[in-house]
Amino acid sequence: MTQEQYYKLRKYHALLEEAKKLDKLNADKTENIKRFIAFKQKAGMMPKEYIKEYDHCWDK
């Protein structure tokens, strides 16, 4: 594994952990909606979509 691959996987993993925390939040509160939008700006997709795509990123 190259350094570039490692850092890419590490980034996916860090965002995945954040997405799992956000997934448990209630979307009815404005504060949580702001968190979802901030995550989408960082990751390019909403937390549930991110979990679905990268849940097993270290298994590859």
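We're numbering straight along the sequence, starting at 1.
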Atom of Phe39, atom of Leu22 and distance for their closest heavy-atom approach: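 Closest heavy-atom pair between Phe39 and Leu22: CB-CD1, 3.6 Å.
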Heavy atoms only: give me the nearest Leu15-Ala43 pair and the separation to one decimal. CD1-CB, 4.1 Å
Leu16 and Leu25: same hydrophobic cluster, using ILVMFWY side-chain contacts below 4.5 Å? yes
Minimum side-chain heavy-atom gap Lys20-Asp55 below 4.5 Å: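 Result yes, sub-4.5 Å side-chain heavy-atom pair found.
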Find out whether Tyr50 and Lys42 are in side-chain contact, i.e. whether some heavy atom of one side chain is under 4.5 Å from a heavy atom of the other.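 No, too far: nothing below the 4.5 Å cut-off.
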When you look at CD of Glu4, are more than 12 heavy atoms from neighbouring residues, nucleotides or ligands closer to it than 6.0 Å?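 Result for CD/Glu4: open.
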Within a reach of under 6.0 Å around CD of Gln5, are more than 12 heavy atoms found that belong to other residues, nucleotides or ligands? yes
Measuring from [X]:[atom1] to [Y]:[atom2], what's the distance to the nearest 0.5 Å?
X     : Y     : atom1 : atom2 : result
Phe36 : Lys48 : CZ    : NZ    : 8.0 Å
Ile51 : Glu18 : CD1   : CD    : 10.5 Å
Ile37 : Asn32 : CD1   : CG    : 11.0 Å

Thinking salt bridges, do Arg35 and Glu31 make one under a 4.0 Å N-O criterion?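 Looking at Glu31 together with Arg35, the answer is yes, because their closest N to O distance falls below 4.0 Å.
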